[in-house]
There are 2 protein chains.
Amino acid sequence: MARRGGGEPVCKVDFFDPKRVASVRRRLKPDETLLSLAETFKALGDLTRIKIVFALAQQELCVCDLANLLGTTKSAVSHQLRVLRNMRLVRYRKDGKMVYYSLDDDHIKRLFDEGLRHVEEMG
Amino acid sequence: MARRGGGEPVCKVDFFDPKRVASVRRRLKPDETLLSLAETFKALGDLTRIKIVFALAQQELCVCDLANLLGTTKSAVSHQLRVLRNMRLVRYRKDGKMVYYSLDDDHIKRLFDEGLRHVEEMG
DNA sequence: GCTATAATTGAACAATTATTCAACTATCTT
DNA sequence: AAGATAGTTGAATAATTGTTCAATTATAGC
């Protein structure tokens, strides 16, 4: 998001179908819900994080495993895991010094698979 | 993405489980596929675009309708529609001066609904 | 207590992004 | 042909984002 200036937003629309618009507006979910939804998708909208999710869909892994798999640092992975944690996409358990991550629930795998199907049928 | 400097990437990982990592790496999809997937999710990862997708899931709308619904300009909507078009999330048909947009296929609706279910169960 | 290792965190910076504005194309009406 | 309207596009800019580096926390073994 990136609004400019401070002026009030002006709707430069010349013509629209009030019936169509009203009908959709009535069914529109609250901003709060849609924002959470957008943020969930955004959390999946990065190559590194998608790889993390794919990997965790196979099996539980520690931060070191992920860093090695992705060829990056533990720090970078940890930062990205936080994004996924914030959106409740992954969970973790501690075992001594290690922290093992896994997908939070089956929704995530279904979401991932549904997206993959779209991409693979896109050609 | 935002790499800094020019040095070669260094893997600062001290220890990892080679068996686990190798097993996951073997099943990892090609970068190209995962990048498309990430970009698809990224296209859905914005409040304005999520609202557009939600609206189009209800019914076909023209750019003016969308601009009015979202309280923004046709220009802003048009820019965002291009992002969605690029990822084949929406299609359009022209009718005179008007351009009517709709969701490209049922995958999109399922993807959206699956995400919504996750968010609404998140609490 | 001391050292080593796993992971997290905050600051900094380059890259990316969303909206605005202005200019433009295309289509309809007269 | 001229004027009006629907939509697209490019440039500019403020905000956001991902990785790196350095410092820190927490646990294990000696």
Side-chain angles (χ1 to χ4, degrees), chain A residues 1-17 20 35 38-39 41-52 61-68 70-87 90 92-101, chain B residues 1-17 35 38-39 41-52 60-68 70-87 90 92-101:
Chain A
M1 228 153 301
R3 283 180 173 278
R4 206 218 283 186
E8 60 214 301
V10 177
C11 183
K12 281 262 182 52
V13 172
D14 308 296
F15 173 81
F16 64 95
D17 184 331
R20 272 201 304 254
L35 190 58
E39 278 175 352
F41 282 126
K42 192 188 291 189
L44 295 169
D46 173 83
L47 183 56
T48 302
R49 288 193 297 263
I50 271 290
K51 285 181 177 176
I52 291 175
L61 292 167
C62 69
V63 179
C64 257
D65 290 338
L66 287 167
N68 184 267
L70 306 184
T72 185
T73 61
K74 284 180 291 184
S75 175
V77 170
S78 187
H79 277 299
Q80 301 295 27
L81 283 169
R82 186 157 55 130
V83 176
L84 295 171
R85 238 163 39 221
N86 284 344
M87 296 319 295
V90 302
Y92 66 94
R93 70 179 177 86
K94 296 190 71 169
D95 180 17
K97 283 189 291 187
M98 320 281 281
V99 179
Y100 289 96
Y101 281 84
Chain B
M1 229 156 299
R3 284 181 171 276
R4 206 218 284 187
E8 60 215 301
V10 175
C11 182
K12 282 263 182 54
V13 173
D14 307 296
F15 172 81
F16 63 96
D17 184 331
L35 190 58
E39 279 175 352
F41 283 125
K42 191 188 291 187
L44 295 169
D46 173 83
L47 183 57
T48 302
R49 289 194 297 265
I50 272 290
K51 285 181 177 176
I52 291 176
E60 181 183 72
L61 293 168
C62 69
V63 178
C64 258
D65 290 337
L66 287 167
N68 183 267
L70 306 184
T72 184
T73 60
K74 286 180 291 183
S75 176
V77 169
S78 188
H79 278 298
Q80 301 294 26
L81 283 169
R82 186 156 57 129
V83 176
L84 295 171
R85 239 162 39 221
N86 284 344
M87 295 320 294
V90 303
Y92 66 95
R93 72 180 177 84
K94 295 190 69 168
D95 180 17
K97 284 186 292 186
M98 320 281 282
V99 179
Y100 289 96
Y101 281 84

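Note: hydrogens, waters and symmetry copies are ignored here, and every other heavy atom, side chains too, is used. Just so we're on the same page: letters track the sequence lines, and every chain starts at 1. Worth saying up front: this structure is predicted, and the values here are computed from it rather than measured.
The side chain of A:A76 has D:dT20 as its nearest neighbour among D:dA6, D:dT20, C:dT9. When each of D:dT8, C:dA7, C:dT19 is scored by its nearest atom to the side-chain atoms of B:T48, the top-ranked nucleotide is C:dT19. You'll find that the side chain of B:S75 is closest to C:dA22, out of C:dA7, D:dA28, C:dA22. Of the candidates D:dG7, C:dA6, D:dG18, C:dA6 carries the atom nearest the A:K97 side chain, counting heavy atoms from C-beta on. When each of D:dG7, D:dT17, D:dA26 is scored by its nearest atom to the side-chain atoms of B:M98, the top-ranked nucleotide is D:dG7. Side-chain proximity of B:T73 to D:dT8, D:dT20, C:dT20: nearest is C:dT20.
One finds a side-chain N or O of A:K42 lying less than 4.0 angstrom from the OP1 or OP2 phosphate oxygen of D:dT17. Look at A:R49 and you'll find a side-chain N or O under 4.0 angstrom from OP1 or OP2 of D:dG18. Put simply, B:R85 has a side-chain N or O that comes within less than 4.0 Å of OP1 or OP2 on D:dT9.
To the nearest angstrom, P of C:dT20 lies 12 Å from CG of B:L70. Atoms CG (A:L66) and C1' (C:dT8) sit 15 Å apart, rounded to a whole Å. Between the OH atom of A:Y100 and the C1' atom of D:dA26 there is a distance of 16 Å, given to the nearest Å. Distance B:K74 NZ to C:dC24 P: 17 Å, rounded to the nearest Å. If you take CG of A:L81 and P of C:dA7, they are 10 Å apart, rounded to a whole angstrom. As rounded to whole Å, 14 Å separates atom C1' of C:dT16 from atom CD of B:Q80. Regarding A:Y92, its OH atom lies at a distance of 19 Å from the P atom of C:dA6, rounded to whole Å. Note: CG (A:L47) to P (D:dT19) measures 9 Å, nearest angstrom.
In this structure, B:Y101 reaches the sugar-phosphate backbone alone: every heavy-atom distance under 4.0 Å involves primed, P, OP1 or OP2 atoms, never a base.
Remark on DNA chain D: of its neighbouring residues B:V77 and A:V83, the 5'-side contact belongs to B:V77, judged by nearest-heavy-atom nucleotide.
Side-chain atoms of A:H79 come within donor-acceptor range of the base of C:dG10, with a qualifying N/O pair under 3.5 Å.
Scored by the ring pair (Phe, Tyr, Trp, His ring centres under 6.0 Å) test, B:Y100 finds no partners at all (sequence neighbours excluded).
Taking the side chain as every heavy atom from C-beta outward, A:L66 and A:L81 approach each other to under 4.5 Å. Residues A:R20 and B:C62 have side chains in contact (heavy-atom distance under 4.5 Å, counting atoms from C-beta outward).
With A:R49 contributing its side chain and B:A38 its backbone, the two residues share no donor-acceptor pair below 3.5 Å.
Relative ring orientation between B:Y101 and B:Y92 is described as tilted, the plane-to-plane angle lying within the 30° to 60° band.
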